[in-house]
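Structure first, commentary second.
By convention here, the first residue in the shown sequence is residue 1.
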Amino acid sequence: MRRSSMGPVVVLGDTLLDRDVEGAVNRLCPDSPVPVLDETASVDRPGGAGLAAVFAAALGAEVALVTAVADDAGGARLGTLLAAAGVQLYALGLAGATPEKVRLRARGRVLLRHDRGGPTGVPGEPGEAVRRLLAGASAVLVSDYGRGVAGQPALRAALAATRAPVVWDPHPRGPAAVPGVHLATPNEPEARDLAKTPPGGSRLANASRSAQALRRRWQAGAVAVTLGGDGALLCHAGSTPLVVPAPPAEGDTCGAGDRFAAAATLALARGALVSEAVQEAVAEASAYVAGGGVTTALPAPVRAVAPTVVAAGGDRIGAVAAGEVLARVRAAGGTVVATGGCFDLLHAGHVATLQAARQLGDCLVVCLNSDASVAGLKGPERPVVPQGDRSRLLAALGCVDAVLIFDEPTPHAALSWVRPDIWVKGGDYASGGGAETLPESAILARWGGHTVVVPYLAGRSTTDMIAAARAGRGSAGWPADPVAETGPEPVVRSTAKGAR
């Protein structure tokens, strides 16, 4: 019987930042007999569970990713890449650094892989929004990369309780699958390692023994062992395994396992039988390899998107500075406040909003539209003040702890990394505009954050300032009342209880 569900496909697991550095090797290093790679291009992409989520989104699904993200520049970059790919990020906190895998390549071959990020960090606790997400999913893919997310106790309890089909892509260093998963998808070495299959016998016999052992141990509905270019072997309750051959395909196999697992999960979400899902997954993975692999399969926005981070400009500017503030405040149990905007021609109304926002918590991070973002929103004549100067002016204010510049039309990608407890917008409180209408409210709900509105100072407007300057009116029309100049006391409207 075909399933019919309105929920998204949920991918859960460890996400890494992958970077492919392409170059040419024309000489050896003078002080050591090793090749020198002259970099010509580099591409960042989500890896691990993040790559599986991007694949699922590229195949047409509504996708939510539950993963752990660190307070560092790598975490900020992941937030940007995932948002560009159309993946909804439900981020857990991550102690430590974002894991990164850097591949140095020349002429299509990997010369060296450089891993960084240090020891595995501890993922944070999921909120109520994550539990609701898993309960209402159309299907769940657990993409385990052995870094702790799949072993988080509250997540495992939610996975055990969901009625959605669960696909488990295991890792030798990861935990056992939650009992009762619909399908587990280890590759051949993983299956042999996890099942402790002794050597001897044919390849198919060993794969079958491994799959049956894992199926019984994990109480899984079925186990599909992927066999690379030879397809997959599916073992279920019957005694005879199903071998699904793969069409001939040559190319880069990086990410093929993630593509297989994502395709199988989407098929189960549509109501396919497990055998049908595995056949679809083999065909999709083979087409993926034949089509050029990860370098051509990623959607264009992920390949081309510019970094969120502006590295230079001051101690309080960029993802590194923001990450240090976030980590420090969270470690102390404090409240993170964020606000955003263009802040072109910084004026007293902006300052009043920023001061009011800072009073609501223990730090204030300003998400600032880049020059490209402002031009896209307001036209080619804006901004009047470039982002470097705008960010420096904001960072110089005593009420601002860090400035994060983003290139997108909205701050949604930046928000998914910052994960503020309170998001503040300036607005005309007397007009009746409420925080419940803010588009950011739905994003803040993913981690239990609040959206609030504080009032503007009357008569302050960057657009009006520009118009007055062009008309030669100077400051005409600005309030002369000293009370109006200093502004009212902050008045806050919150979409949730507990905002202070």
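The two residues Ser373 and Pro409 come nearest to each other via the heavy atoms OG-CA, 3.9 Å. Contact record, Arg147 with Pro119: NH2-O, 3.8 Å, taken as the closest heavy-atom pair. Taking every heavy atom of both residues into account, Gly7 and Ser138 meet most closely at O-OG, 3.1 Å. Residues Ala68 and Gly93 share a closest heavy-atom pair of CB-O, 3.8 Å. Nearest heavy atom pair, residue Val69 against residue Gly75, reads CG1-CA, 3.6 Å. The minimum heavy-atom distance between Cys342 and Val374, with the atom names listed, is SG-CG2, 3.7 Å.
To the nearest 0.5 angstrom, Leu78 atom CG is 5.0 Å from Leu17 atom CG. From His412, atom NE2 reaches atom CG of Leu82 across 15.5 Å, with rounding to the nearest 0.5 Å. Atom CD of Glu39 sits about 7.5 Å away from atom CG of Leu37, to the nearest 0.5 Å. Rounding to the nearest 0.5 Å gives a distance of 11.5 Å between CD of Gln387 and CG of Asp344. In this structure, OG1 in Thr335 is found 8.5 Å from NE2 in His450, a value given to the nearest 0.5 Å. Remark: Leu81 CG to Leu89 CG distance equals 11.0 Å, nearest 0.5 Å.
Between Tyr90 and Ser416 there is no side-chain heavy-atom pair separated by less than 4.5 Å. Here the side chains of Val452 and Ile422 are in contact, with some heavy-atom distance below 4.5 Å. Using a 4.5 Å heavy-atom cutoff, the side chains of Trp168 and Val178 are in contact. When side chains are defined from C-beta on, Leu16 does not count as touching Glu100, because their heavy atoms never get closer than 4.5 Å. Considering only heavy atoms from C-beta on, Asp20 stays 4.5 Å or farther from Leu104 through its side chain. At a threshold of 4.5 Å between non-hydrogen side-chain atoms, the residues Leu141 and Val10 do not count as touching. Two residues are said to be in side-chain contact when any heavy atoms from C-beta on lie closer than 4.5 Å; Ser143 and Phe55 fail this criterion. Residues Leu134 and Leu12 meet the side-chain proximity criterion, which asks for heavy atoms closer than 4.5 Å.
Listed for the Asp14 side chain is a donor-acceptor partner under 3.5 Å among the backbone atoms of Val149. Asp421 places no side-chain N or O within donor-acceptor distance of the main-chain N or O of Gly449, the cut-off being under 3.5 Å. A donor-acceptor pair under 3.5 Å is absent between the side-chain atoms of Arg330 and the main chain of Leu326, judged by distance alone. Within the 3.5 Å criterion, the main-chain N or O of Pro420 finds a donor-acceptor partner in the side chain of Trp447. Distance alone, capped at 3.5 Å, is enough to place a donor-acceptor pair between the Thr15 side chain and the Gly50 backbone. Of the possible polar contacts, none joining the Thr265 side chain to the Val167 backbone as a donor-acceptor pair under 3.5 Å is found. No donor-acceptor distance shorter than 3.5 angstrom exists from the side chain of Thr162 to the backbone of Leu159, with no hydrogens or angles considered. Not one N or O on the side chain of Thr339 forms a donor-acceptor pair closer than 3.5 Å with the backbone of Val366. Arg19 places no side-chain N or O within donor-acceptor distance of the main-chain N or O of Arg45, the cut-off being under 3.5 Å.
Under the side-chain hydrogen bond (donor to acceptor under 3.5 Å, both in side chains) criterion, Arg446 pairs with no residue, sequence neighbours left out.
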Margin query: Applying side chain to side chain contact (heavy atoms under 4.5 Å, CB included) to Glu125 and Gln152, what does each step give before you reach the verdict?
Written below: CA-CA 8 Å; Glu125 289 282 331; Gln152 212 283 336; 3.1 Å; yes
Checklist line | Verdict with supporting geometry, Val66 and Leu133, side chain to side chain contact (heavy atoms under 4.5 Å, CB included) | finding: CA-CA 9 Å; Val66 178; Leu133 178 73; 3.7 Å; yes
Notebook entry, point to check: Does the side chain to side chain contact (heavy atoms under 4.5 Å, CB included) test come out yes or no for Val54 and Asp258, once each step is laid out?
Noted result: CA-CA 10 Å; Val54 169; Asp258 294 308; over 6 Å; no
Next item on the list: Could you walk me through whether Asp44 and Arg77 pass side chain to side chain contact (heavy atoms under 4.5 Å, CB included), step by step?
Entry: CA-CA 9 Å; Asp44 293 349; Arg77 180 68 168 139; 2.9 Å; yes
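In this structure, Arg390 is not positioned above the aromatic face of Phe343 in the sense of NZ or CZ being under 6.0 Å from the six-membered ring centre and within 45° of the axis.
Defined by atom type and a distance below 3.5 Å, a donor-acceptor pair is present between the side-chain atoms of Asp72 and Thr98. Counting only N and O atoms by type, the side chains of Asp407 and Ser370 include a donor and acceptor under 3.5 Å apart. With no hydrogens or angles considered, no side-chain donor-acceptor pair links Tyr145 and Asp169 at under 3.5 Å.
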Side-chain atoms of residues 394-402: list all donor-acceptor pairs with protein atoms under 3.5 Å, sequence neighbours left out, distances to 0.1 Å.
{"from": "Asp401", "atom 1": "OD2", "to": "Arg358", "atom 2": "NE", "distance (Å)": "2.9"}
{"from": "Asp401", "atom 1": "OD2", "to": "Leu364", "atom 2": "N", "distance (Å)": "2.8"}

